[in-house]
Every structure is written in structure tokens, then in C-alpha cells.
Chemist: 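The structure that follows is given in the form of C-alpha cells.
FYI, side chains are in, hydrogens and waters are out, and symmetry mates aren't considered; it's all heavy atoms of this structure. Numbered from 1 within each chain, the chains take letters A, B, ... in sequence-line order.
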Amino acid sequence: MSMIEKVSKWIELFGEKVTQNKETLNKLDTAIGDGDHGSNLTRGAAAIREKAEETTYDNLSKLFQDVGMTLVSKVGGASGPLYGSAFIEMAKKAKETEDIGEILEAGLNGIQKRGKAEVGEKTMVDEWAPVIDHIKSGSFTDEIIQESLQNTKEMKATKGRASYLGDRSIGHIDPGAQSSAYFFEALLDSGVLDDE
Amino acid sequence: MSMIEKVSKWIELFGEKVTQNKETLNKLDTAIGDGDHGSNLTRGAAAIREKAEETTYDNLSKLFQDVGMTLVSKVGGASGPLYGSAFIEMAKKAKETEDIGEILEAGLNGIQKRGKAEVGEKTMVDEWAPVIDHIKSGSFTDEIIQESLQNTKEMKATKGRASYLGDRSIGHIDPGAQSSAYFFEALLDSGVLDDE
Amino acid sequence: MEKTGIVVVSHVREIAEGIQRLIQEVAADVDVQVVGGVNTHEVGTSFDTALATINNSSADNILAFYDLGSAKMNLEMAIEMSDKTVKIYDVPVVEGAYTAAALLQTGVDLENIEEQLREIQIVK
Amino acid sequence: MEKTGIVVVSHVREIAEGIQRLIQEVAADVDVQVVGGVNTHEVGTSFDTALATINNSSADNILAFYDLGSAKMNLEMAIEMSDKTVKIYDVPVVEGAYTAAALLQTGVDLENIEEQLREIQIVK
Ligand SMILES: Nc1ncnc2c1ncn2[C@@H]1O[C@H](COP(=O)(O)OP(=O)(O)O)[C@@H](O)[C@H]1O
Ligand SMILES: Nc1ncnc2c1ncn2[C@@H]1O[C@H](COP(=O)(O)OP(=O)(O)O)[C@@H](O)[C@H]1O
Ligand SMILES: [Mg+2]
Ligand SMILES: [Mg+2]
Ligand SMILES: [Mg+2]
Ligand SMILES: [Mg+2]
């Protein structure tokens, strides 16, 4: 498969994972939010699937850009602007390089620029940051995905709806980190990193 | 006229004054509020008039109490709880004394307890306080009423809706002080203080 | 243990109803009573409706929120006429009620709720 | 001189509409555009409607207010796509928008409005 086919597969798998795990994500978001993260992303995934059916992409940048704009418009919730900004920055970076580590790092920058979260604030950043570190250093495995996700459990939220709960956010996995874990699991399964 | 007849006259005159000057009060309240102080008090005056038509009072306390409760329920706006609390405290005091100065002082205490305003915050307190001082010291005249009212003009509001305007509240007479001036003009006209 | 609920008094009916919707999303099990406006559709608050709202609550301990100062005065008068324990917080009406509701839903005690509300206290 | 207006983005349609009513009482001549909720009646905010609301304003300078953080993110994205000058304030959505509107109505300049808004700034 070409890189663009593998990346399309990656995004498709991500969409399937969030849709299949909609209730899991909603449940995590019920504990420390408003209970809709799964529904939000499922809505986004459906919109992306629809767009993918009607478009053929010949470059990564356009694919990422469309995914980003779709997520911004369709997801609802904080994860819309956040995932959306990630893909929009990935689209820009994909014009310069096909290096997935660099592209994802641009995505992380997009998330941080949009949401102003640093590492340790119990957000999707706490999944993206360690995973990208390991991708760039060639030590990316499923264990890293799961470990980073579990690490969000004992963090206290200082961004997003969970931050309103203060200490009560501790002891719960962050929903955005969980959906990001699905994103990176899909990355592994898609074979995008196989040549790197 | 008995004291209770004179006091009834006082309140009736107050009601007439605020009703006749509804637009004046609304206009003052437009400059530094939401434009309804005249309408609020006119509504209250109508309700008091209605109550007075169906009730005969044989004691001051009951009269003040009914006026107070009516104002609380019918005036709307901040002046409802404020004028209402004044009359409710006046009702309590009127059980102990017929001294108007002491009764009005109890009324002022009610306003200050309810609204937490001190002198100088550009509220109705800035009309009640100096007027009551002069009533108690026997130097109450219409000049005092008007002078106290004018003094609110250069004050900066730190209570009520006018306080949102900060310095922009300066240069405008406070509407609640104006309606209070009508209240004390009515007091003069009613003859309540004539024996004091 | 006594139950704690929320009361919101706003000058506008839509604001009150909107806050209830926003809050119930994150506090499905919390009793949230709201009132806004007067005479069906006018802007204002009243002692009568503030008291009725307090009485409508199934809770004996109430955390109360309001938008502008005259709403607070009517709430205070209502509290004087009620046997319930009601505390008024000088915090933003939307953000404060949301915070309190979300925390109540997760079982946080009053002391900790108040600590968090103190962080968003404003002069109002 | 350029005109200044207000934009309010809330997660709930009723909150947005209620704020507009509360504000217009004290700021009849100020352009106040509001949007709340998504898909007619659900709780949420969106980039698209935030941008449309900014564009609906007759003002070139806009003071923007929001309730929860994700509304702010959508506002920021909308600002990136707009030529208008829009500043977002981290203040209570009701009390902040009310303060700004009342001050704008009386002709206070931006510097003084911001000074007063700073007094009710909150971490949100
Ligand atoms: N400022 C932020 N920065 C990074 N991530 C954030 C931020 N705010 C929220 N999130 C992420 O978004 C997730 C919640 O998404 P979602 O439920 O879709 O949005 P909402 O909270 O608006 O309902 C959180 O679990 C968190 O990971
Ligand atoms: N806390 C307060 N203490 C004393 N007087 C106050 C206070 N708040 C408002 N007022 C008075 O109420 C007047 C405004 O009354 P009104 O217009 O009827 O109420 P609202 O501001 O709710 O529309 C002000 O002019 C002021 O004199
Ligand atoms: Mg959510
Ligand atoms: Mg949501
Ligand atoms: Mg008024
Ligand atoms: Mg009013």
C-alpha cells in the first residue's frame, strides 16, 4: 500500500475504534465530564467516513486538512477544536515531510496551541506527548500507548470540564487520552510506521 | 387628623408622586440603570392604593407592615426589597413609639441591612440618612431633601446596577434617592411631623 | 445525611432554564431548582418566587446562586422566611452553579465545594 | 471611529438568548450577537456558529464572552478565520457581558472597559 493508503487506513481504523468504543468513552466522560466524548467522536467519525467515500486523495496534506475541518465542524465538544487543530497542523507539516513522527509532533503542537494544556494536566496531551517521544526515538509500542493512558488516571485535571472536579478527577482515566490511545493503536495497526 | 390618618396621607402622597413622576424616575434609571425605577414604584403604588381601599388600619404598625409586604411583592427591582424592608422595620418600631424620627431611622436600618450600602455609595441611603439626621435634630426642611438629593449627583455608585458603570455613574442623580426625596416631600406635605 | 441541592435565581427566565440544562448534564442526580424573570416573561426577580423555588427543592441544604444584586436581596428575604439551610455564593451565576453542581454529583462535601467556589468569588 | 459590539457564545441556547435580553435592557444601542447550543436544541458550541455570529455583528471591534473552555476554543478558531478585531475575555459570561454592554452603552472606551473586566477575571 502507498503511504496515503496506509494513512487512510489509519484514520478509518481510528473512526471504527471510537465508534465501537462509544459507550466506553462516554462512560469515562461521565465520571469527569458531561458524558459525551464517545458520542462526539462517533459523530465525527461518521462524517469523516462519509467524506472519505466521496473523495479520492492524492496527497497526505489534503487528506489531513479535510479530516481536520470535518472534526472541527462535526465533533462538538472540546475534542472537536482539539483533534481538528491537530489534523490541520498535520496537514501543514505533511507538505514538508512524510515523517510521521514530525507530522504527529506538529499535531501535538496544534493541540497545545489550541487548548493551552501542558503535560500533566490530565488531557489528551498526556497521551500524545509520550507516544510521540517514543515514535521519534524508535521505541514506540503498544505498551507505551497503554502506559501513557494509565498514567492519566492519577493526574488531577487542570484543563477542560474535568478541571471543575478538582481532586475528584483523580482516579479516572481521561476520556480524551483514551480516544487518543485508540488513535495510536490504529496507527500501529495501519502499518503506517512499518517502513520507518 | 389622627396620626394614622396623616401617615396614610403620607403614603398616599408618596404613591401619587412616584406615579406622576414615573417617566422622570425611569429616565434617571436609564442613565445609570435599566430604566424601570419609575415603573417599578408606580406598580408598587398602585398595589398599595388597592390594599388601602380594602383595609382600615387602626394601628401604624399594621399599616407599615402591609405597605412593606406589598412593596416587596409588587415593586420588582432592587427597590422592592429595599423599600419593603424599610417599611417592615418601621412596622416593628411603630409598636414601641410614634416618634417619626425613630421610626424612619429603623426604616433606614432596614434598607442598610438589606442592601449593605453605606452613606456615599450613591443610593437611596444618601437621601434617607441626612434627612433622618435633620428630622431627629429638628432641622428638617425641603432644602435638606433637595440638597441631599443633589449631593448624589457627583457620587460614584458602588451598589446596585449603577455600580457597573463605575465613573460613568458620576454626574447623574440616583433614581432611588429621587424617589426617596418624593417620599420625604410627601412626609412634609402630609403634616405627620406637625406636632413634633 | 441531609441532602444538598442547588437553587438559581436569575433576572431572566431563559438564563435560569439554560443553567438548569447545562447543569443537569453533569449533575443528573442533583436537585436543581431555578427561577428567572417575573410575570412569565419580564426581566426581574421576586421574593415570592425565590421562596417558592427554595420550597420546591427536595433538599434541606441549598447552595444558592444569583446574577445581579437585587436577586440576592430577594433570596435573602426568602431565606429569612424559610426553615431550610440556604447559603448564597457571590460567584458567577453560570460558572458557579456549574462548579457546585458538578462537585455535588461526585459527592464532594460542602467544605471542598466552598473552597473551589472561593476561587471564583467576585464582587457583584 | 470603529464600532464596538458584543458576541456571546454559550453551550446553551437559552443562556445565550437570556443574556441578550438582560443586556439589551441596559444597552439598547449596542450590537449584541449571541449564539448558544448546537443543532437547534443541544448543548454545545461550534466553530461554524461562532464564526457566523461574529460575521452577523455590525461591529468591526468585538468583545467576546463565553461560558466553558471549549466555547473559547471555537471562538479562537473563528477569530482566526475572521478579519474583525475580536477580543475574548476570561470573565463570567453573564456578569462580564452585562458589564461590558452597560459600559459600551454609556460610551466608555475599551481601556476602561477592560480595566473593569479585569476586576472580575476568573480562571475558567
Ligand atoms: N484545553 C484542553 N487541552 C487538551 N485537551 C483537552 C482540553 N480540554 C479538554 N480536553 C480533552 O477533551 C476531552 C473531552 O472531550 P469532549 O467530551 O468531546 O468535550 P467536552 O468536554 O466539551 O464535552 C478531555 O478528556 C480532554 O482530553
Ligand atoms: N444595595 C443597595 N442599597 C441601597 N440602595 C440600592 C441598592 N441597590 C440599588 N439601590 C437603589 O435602588 C435604585 C434602583 O431601583 P430599581 O430601578 O427599582 O431596581 P433595579 O436596579 O433592580 O432595576 C437605585 O437608584 C438605588 O437607589
Ligand atoms: Mg464531554
Ligand atoms: Mg460536551
Ligand atoms: Mg432599575
Ligand atoms: Mg429593574
Chemist: Less than 4.5 Å to any heavy atom of chain C: does that hold for the side chain of D/Ile122, its backbone, both, or neither?
Modeler: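 For D/Ile122, side-chain heavy atoms alone lie under 4.5 Å from chain C.
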Chemist: Identify the two heavy atoms, one from D/Leu22 and one from C/His11, that lie closest to each other, and give their separation to 0.1 Å.
Modeler: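 So the minimum-distance heavy-atom pair works out to CD1-CB, 3.8 Å.
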Chemist: What part of D/Val123 lies closer than 4.5 angstrom to a heavy atom of chain C: side chain, backbone, both or neither?
Modeler: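 The backbone, not the side chain.
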Chemist: Considering residues at least two apart in sequence or located in another chain, which fulfil the salt bridge (Lys or Arg N to Asp or Glu O under 4.0 Å) criterion with C/Asp90?
Modeler: C/Lys72
Chemist: Take D/Ile15 and C/Ile19 through the side-chain contact (heavy atoms from CB on, under 4.5 Å) test and state the conclusion after the steps.
Modeler: CA-CA 7 Å; D/Ile15 293 178; C/Ile19 290 174; 4.1 Å; yes
Chemist: Please check if the number of heavy atoms outside D/Glu111 that lie under 6.0 Å from its CD is greater than 12.
Modeler: no
Chemist: With chain C as the partner chain, list the residues of residues 62-69 of chain D whose heavy atoms fall under 4.5 Å from it, by residue number, and write 'none' if nothing qualifies.
Modeler: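 The residues closer than 4.5 Å to chain C, in numerical order, are D/Tyr66, D/Asp67, D/Leu68.
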Chemist: Using side-chain heavy atoms (C-beta onward) and a distance below 4.5 Å, is C/Arg21 in contact with D/Val43?
Modeler: yes
Chemist: Check each atom of D/Glu42 against the heavy atoms of chain C and say whether the ones under 4.5 Å are side chain, backbone, both or neither.
Modeler: backbone
Chemist: Are the side chains of C/Glu17 and D/Glu17 in touch, meaning some heavy atoms are under 4.5 Å apart?
Modeler: no
